[in-house]
Amino acid sequence: MNTLIKNGTLITASETFEADILIEGETISQIGKNLRHPSAQVVDASGKFITPGGVDPHTHFDLPMFGTASSDDHYTGHKAAAFGGTTTVMDFVVQEPQGFKHSVDLWMQKAQKAAIDYSFHMNLTKLDDGLARDIPSLADMGITTLKVFTAYNGRLRLDDGGIFRAMRIARDNGMLVMAHCENGDVIEPLIAEALAAGHTSPEWHARTRPAWGAVESTLRLAAMAEQADAPVYIVHMNAGGEADMLKYARERGVKAMGETCPQYLFFTVDHLRRPDGAKWICSPPMRTEKDNARLWEGLHDGTLQTIGTDHCPFFLDGTKPIVYEGKEIAIAGKELGKDDFTKIPNGLPAVGDRLPILWTYGVRAGRITANQFVALTATNPAKIFGLYPRKGALVPGADADVVIWDAEKKVKYGTAYSHHRTDYNLFEGWEVVGMPDKVFLRGKLIVDGNDWRGAAGQGQFLKRGAGEIL
Ligand code: URP
Ligand code: ZN
Ligand code: ZN
C-alpha cells in the first residue's frame with residue numbers, strides 16, 4: 001500500500017517547509033514538491049502540519065507495583081500513545097533473579113500485543129560479578145540501556161560503586177546508563193518519621209522526597225559519569241536545581257543528558273494537597289512553579305534533550321470499573337493507599353497527553369519552537385537511543401511513522417481524548433488547540449480522526465544499537 005500525502009507543512013527538528021511525502025510500503029521514499037505516483041492513495045494535508053511520529057523514551061506498561069500493576073498494558077498504552085501522535089515507546093524491563101535473558105523474555109511475552117513499535121531498557125537493580133559479565137548480552141539483544149536508581153533502598157537501588165561499575169561496562173559496550181536521581185538514604189528516614197507522626201496524606205509523598213536529593217544526586221551521577229568516562233542520561237528531571245547541575249556538568253564537557261516529563265512542567269506539590277491529590281503521586285514528586293519554569297528554560301536553551309512521559313497509570317479508584325473497548329474493567333489502583341501515602345502506587349498517565357499538551361502549552365504558548373517540539377519528543381530520543389534516522393525523522397528511507405496534525409482543532413481535553421486505560425486524566429478540562437488527525441505507523445494508517453485502525457500485535461520490537469551523545 002502506497003500513500004502520497006500532499007500539500008502539508010513538514011516540521012522537523014531543524015526546519016519547517018511545505019512538501020509532499022510519498023510513502024511506499026513501510027518507509028518514506030520521497031519528500032518534495034509536486035510529487036506524483038500512479039497508484040498511491042492521496043491524502044490532502046492542506047493547512048495541516050506533519051511531524052515524525054513521537055518517540056517516548058520512558059514508559060511503564062503492565063508494571064507490577066504494590067500488589068497491582070500499572071493499568072495500561074502493551075496494547076492499551078500503545079493505542080493511547082498512537083492517538084496522541086506517538087508511534088515508538090521504550091519500556092523498562094524488571095530485572096528478575098533468573099537473569100537478563102529470562103527478564104527480557106518475560107517482557108517480550110507481555111509485549112506480544114504491541115500496537116506500535118517498541119524497544120526496552122533494562123532496570124539494573126542488582127549487580128554481581130556474573131551479572132556484570134552478562135551485561136553485554138543485553139546489547140546483543142538490542143537493549144543498549146541500563147536504568148539505575150539512587151533511591152528505593154533495599155528494593156531497586158544500586159550503591160554508587162555498583163553504578164560506577166555499570167557505567168564503565170556500559171562505556172565499553174556502546175551502552176548508556178540512565179539514572180533515577182533521588183537520595184534514598186534521606187528519603188527512608190523521612191518517610192519513617194512522617195508515618196510515626198501520623199502524616200499519611202499524599203502531600204507527604206513529596207515532603208519526604210526533597211528536591212535537594214534529586215539535585216545532589218544528579219550532580220553525583222554526572223560526576224561519576226565523568227570519572228567513568230561514560231555518558232549518562234538523567235530520567236524524569238523534576239527539580240530546577242537538576243537543570244542547574246546538568247548545565248554545570250555539560251559546560252565542563254561531561255557527557256550528561258537529561259529528560260523531563262509533562263507532569264514536571266505543569267504541576268506542583270499544591271496538586272498533592274487537593275482531595276484527589278493521589279492522582280499526582282509519582283516518583284520523583286511534583287515540585288514548585290519555580291521548578292516548572294527552570295525546566296522550561298532548560299528545554300528551551302538545550303540543557304535538557306528530551307521530553308518523555310514516565311507513563312505509569314493507575315486507577316484513582318480501582319474499585320469502580322470504567323468501560324474500555326466496550327467492556328467494563330477495574331484494576332486496583334491509588335485507593336490502596338487511601339490511609340497511607342506509602343501504599344499509593346507511584347505513577348500517572350501521560351503517554352497520550354504528551355504531544356497535544358506540549359503543542360498547545362509549549363509551542364503555541366511560545367515556550368518552545370515547533371522544531372524544538374519535534375527535537376525533544378521524537379528526533380533527540382531516537383538519536384540518543386540508537387533509532388535515528390529510522391525513527392524520529394522525516395527523510396527518505398525512514399520508517400513512515402508520520403503524524404498529520406490538525407493545528408486548528410480545539411478540544412476540551414481529558415479522558416474522552418486520551419484513551420488511557422484509567423479513570424482520570426491530569427489535564428481534564430484543559431483547552432487544547434491542535435490534535436493529531438491521522439497517524440501512520442510504518443505506512444499503515446492506525447489513527448484516523450477518532451477512529452482506531454490499529455491492532456494488537458502489529459508493533460515491532462526495535463533492536464537498538466549505540467546511540468548518539470547530544
Ligand atoms: O512513579 C513512577 N515514576 N513510577 C515509575 C517508576 C519510575 O521510577 O520511573
Ligand atoms: Zn524512575
Ligand atoms: Zn519511570
Side-chain angles (χ1 to χ4, degrees), residues 56-73 77 81 89-95 107 118-125 145-158 163 176-184 187 191 202 204-206 208-209 211 213-214 217-218 221 232-239 242 257-265 267 269 271-272 277-287 306-316 333-334 336-337 341-351 353-354 381 385 420 422 426:
D56 188 338
H58 193 150
T59 64
H60 300 280
F61 300 124
D62 200 2
L63 174 69
M65 195 189 297
F66 299 1
T68 183
S70 56
S71 61
D72 265 323
D73 63 21
V89 284
M90 302 185 204
D91 209 69
F92 291 81
V93 177
V94 171
Q95 184 184 2
W107 232 254
Y118 62 100
S119 70
F120 295 150
H121 310 292
M122 186 75 217
N123 278 356
L124 190 68
T125 52
T145 35
L146 304 166
K147 183 181 178 191
V148 299
F149 298 79
T150 58
Y152 307 112
N153 290 10
R155 274 199 301 141
L156 305 177
R157 183 176 182 175
L158 269 195
I163 293 175
L176 172 66
V177 166
M178 310 167 77
H180 173 127
C181 291
E182 295 186 280
N183 189 324
I187 291 168
I191 289 176
W204 285 87
H205 176 75
T208 54
R209 310 185 82 91
S217 168
T218 294
L221 269 284
V232 69
Y233 174 95
I234 312 295
V235 296
H236 46 48
M237 292 178 66
N238 51 94
E242 288 186 287
M257 299 171 278
E259 160 201 281
T260 189
C261 312
Q263 53 271 28
Y264 301 119
L265 297 169
F267 303 114
V269 61
H271 290 88
L272 294 172
K279 287 178 179 172
W280 283 268
I281 291 254
C282 66
S283 294
M286 304 300 118
R287 305 295 185 189
T306 70
I307 307 177
T309 60
D310 200 5
H311 178 82
C312 187
F314 294 93
F315 277 53
L316 179 64
K334 301 212 176 223
L336 295 172
F341 70 90
T342 65
K343 297 195 166 57
I344 302 174
N346 285 204
L348 40 77
V351 75
D353 308 332
R354 181 179 69 138
F385 295 108
H420 302 137
T422 184
L426 293 178

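Atoms within a ligand are numbered from 1 in the order they appear, just like the ligands themselves.
- No side-chain donor-acceptor contact under 3.5 Å links T260 to the backbone of H236.
- When all heavy atoms of G77 and V351 are compared, the pair lying nearest together is O-CG1, 3.6 Å.
- In terms of heavy atoms, T309 sits closest to Q263 at O-NE2, 2.9 Å.
- Between F66 and F314, the distance separating the two ring centers is not shorter than 6.0 angstrom.
- A distance-only check finds no donor-acceptor pair linking the side chain of T68 to the backbone of G333 [under 3.5 Å].
- Here the angle centred on the Zn ion (ligand 2), running from NZ of K147 over to ND1 of H180, is 120°, rounded to 10°.
- Residues D62 and S70 share a closest heavy-atom pair of N-OG, 2.9 Å.
- Of all the N, O or S atoms in H236, the one closest to the Zn ion (ligand 2) is NE2.
- Residue, atom and distance of the protein heavy atom nearest to atom 3 (N) of ligand 1 are D310 OD2, 2.6 Å.
- Here the protein heavy atom with the shortest distance to atom 6 (C) of ligand 1 is H60 NE2, 3.6 Å.
- Between H180 and F149, the ring planes are tilted. Angles from 30° to 60° get that label.
- Residue H58 approaches ligand 1 through these ligand atoms, each under 4.0 Å from one of its heavy atoms: 9 (O).
- From the protein, the heavy atom lying nearest to atom 1 (O) of ligand 1 is S283 N, 2.8 Å.
- Close approach to Y152 involves these atoms of ligand 1, each under 4.0 Å from a residue heavy atom: 8 (O).
- Classification of the Y118-F120 ring pair by plane angle, with boundaries at 30° and 60°, yields tilted.
- Relative ring orientation between H311 and H420 is described as tilted, the plane-to-plane angle lying within the 30° to 60° band.
- For atom 7 (C) of ligand 1, the closest heavy atom belonging to the protein is K147 NZ, 3.4 Å.
- The protein heavy atom nearest to atom 8 (O) of ligand 1 is H180 ND1, 3.2 Å.
- Listed by number with element, the atoms of ligand 1 under 4.0 angstrom from any heavy atom of H236 are 8 (O), 9 (O).
- Those atoms of ligand 1 with a heavy atom of N346 less than 4.0 angstrom away are 1 (O), 2 (C), 4 (N).
- Near C282, with a cut-off below 4.0 Å to any heavy atom, the atoms of ligand 1 are 1 (O).
- For D310 atom OD1 and H58 atom NE2, the angle they make at the Zn ion (ligand 3) is roughly 90°, to 10 degrees.
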